[in-house]
Number of protein chains: 2
Amino acid sequence: MALELDRCGSTCIHEEAVKEVQQAMLDEDAAVSLAELFKALGDPTRVKILFALMTRELCVCDTALVIGVSESAVSHQLRILRTLRLVKFRREGKTLFYSLADSHVKELFAQGLEHIME
Amino acid sequence: MALELDRCGSTCIHEEAVKEVQQAMLDEDAAVSLAELFKALGDPTRVKILFALMTRELCVCDTALVIGVSESAVSHQLRILRTLRLVKFRREGKTLFYSLADSHVKELFAQGLEHIME
DNA sequence: ATAACATATGAACAGATGATCATATATGAT
DNA sequence: ATCATATATGATCATCTGTTCATATGTTAT
């Protein structure tokens, strides 16, 4: 506590700015949750999986073929995406069809692509 | 190439689905760029930095104080955010004031928080 | 029950990541 | 020029990540 307050020397702190920002600041849990969500979107394989699912639902095997990685790798990544409720699935016989859980991914990708192409 | 096509056995492939998705598919570069962007947002420290900067511009020292990490750590993370053009800065004497580069971060955070609180 | 198929899971390993510490750069004051 | 301040950078290291390979689970058909 005291350590953190001292760290900066004290000469360079703009008190008003710090207070203003601290009041509007995100709490730790929210920051961690947000980071977890974005981290899940922060891998090319998972981006491809999600983008593929934007077009239509796909089984694991087809997904693996489309994005060019092993089925095991896809399955591992889908587990992560499931945990964060980014995808859902339905069973049809031996096959599991995965799809986007809600529209947030589409919106996030749209914003993300906008930024990249700026 | 041939390896990838064989990998799935061939029995489980739904050809139409695969073709339909492949046509709409993101190219490799775009997938990597998108992933890089989201990866940059996928760390609690960087989330806090960006969220803090949503309120107002801040110098490195104040940022470090607000989010409770060392100035060096903040500087390192700001470098990553600068590289991805998520933040920009202006100099005033010895002090560098960082701010959000554009409005995409706000939109992304808004969507992200919506998803988390669903 | 057995076999085949679709997917999931666990272990393991190489590569990436983020904080820390030490050092360097840049600006302003003396 | 020297010094103090604000920030940046490089090296190091423990931890995390994603793929692979081997194995397990669950479903359908025989």
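Keep in mind the model is a prediction, meaning the values are calculated, not measured. Lettering of chains follows the sequences in order, A, B, ..., and the numbering in each one begins at 1.
- When atom types are taken as modelled, the side chain of B:T83 and the backbone of B:R79 share a donor-acceptor pair closer than 3.5 angstrom.
- Closest approach to the A:T95 side chain among C:dT7, D:dG10, D:dT20 is made by C:dT7 (side chain taken as heavy atoms from C-beta onward).
- Atom CG in B:L41 sits about 14 Å away from atom P in C:dT17, given to the nearest Å.
- With rounding to whole Å, A:L96 atom CG is found 12 Å from C:dC5 atom C1'.
- Counting to the nearest Å, the P atom of C:dA4 and the NZ atom of A:K94 are 11 Å from each other.
- Within 6.0 Å of NZ on B:K106 lie no more than 12 heavy atoms contributed by other residues, nucleotides or ligands.
- Between B:F89 atom CZ and D:dT7 atom P there is a gap of 11 Å when expressed in whole angstrom units.
- Residue A:Y98 is tested with A:R90, A:R82, A:E57 for a side chain to side chain donor-acceptor pair (under 3.5 Å); the sole match is A:R82.
- For B:R46, a side-chain nitrogen or oxygen approaches OP1 or OP2 of C:dG18 to under 4.0 Å.
- For A:Y98, no side-chain nitrogen or oxygen approaches OP1 or OP2 of C:dA6 to under 4.0 Å.
- With rounding to whole Å, A:I49 atom CD1 is found 13 Å from C:dT7 atom P.
- At D:dT17, none of the side-chain N or O atoms of B:K39 fall inside 4.0 Å of OP1 or OP2 (strictly under the cut-off).
- Rounded to whole Å, atom C1' of C:dA16 lies 13 Å from atom CG of B:D43.
- Across the protein-nucleic acid pair, B:L58 atom CG and D:dT7 atom P stand 11 Å apart, rounded to whole Å.
- At a threshold of 4.0 angstrom between heavy atoms, the contacts of A:F97 with the nucleic acid are absent.
- The interatomic distance linking B:L78 (CG) with C:dA19 (C1') rounds to 15 Å, in whole Å.
- When each of C:dT9, C:dT27, D:dT19 is scored by its nearest atom to the side-chain atoms of A:Q77, the top-ranked nucleotide is D:dT19.
- Where A:G42 and B:V60 meet DNA chain D, the nucleotide closest to each residue was compared, and B:V60 sits on the side nearer the 5' end.
- Of the candidate nucleotides D:dT7, C:dG10, C:dA22, C:dG10 has the atom nearest to the side chain of A:S72.
- Note that CZ of B:F51 and CD1 of B:I67 are 13.0 Å apart. Values are rounded to the nearest 0.5 Å.
- The listed nucleotides are C:dT7, C:dT9, D:dA8; the one nearest the side chain of A:R79 is C:dT9.
- Side-chain nitrogen and oxygen atoms of A:S70 include at least one within less than 4.0 Å of the OP1 or OP2 phosphate oxygen of D:dT20.
- Checked by distance alone, B:H76 brings no side-chain donor or acceptor within 3.5 Å of a matching partner on the base of C:dT17.
- Between B:F38 and A:F38, the ring planes lie parallel to each other; the angle is under 30°, not in the 30° to 60° tilted range.
- A:K39 contributes no side-chain N or O that, together with a main-chain N or O of B:K39, makes up a donor-acceptor pair within less than 3.5 Å.
- At least one side-chain nitrogen or oxygen of B:T45 sits closer than 4.0 Å to the OP1 or OP2 atom of C:dA19.
- Among the nucleotides C:dT27, C:dA16, D:dT7, the one closest to the side chain of B:R91 is C:dT27.
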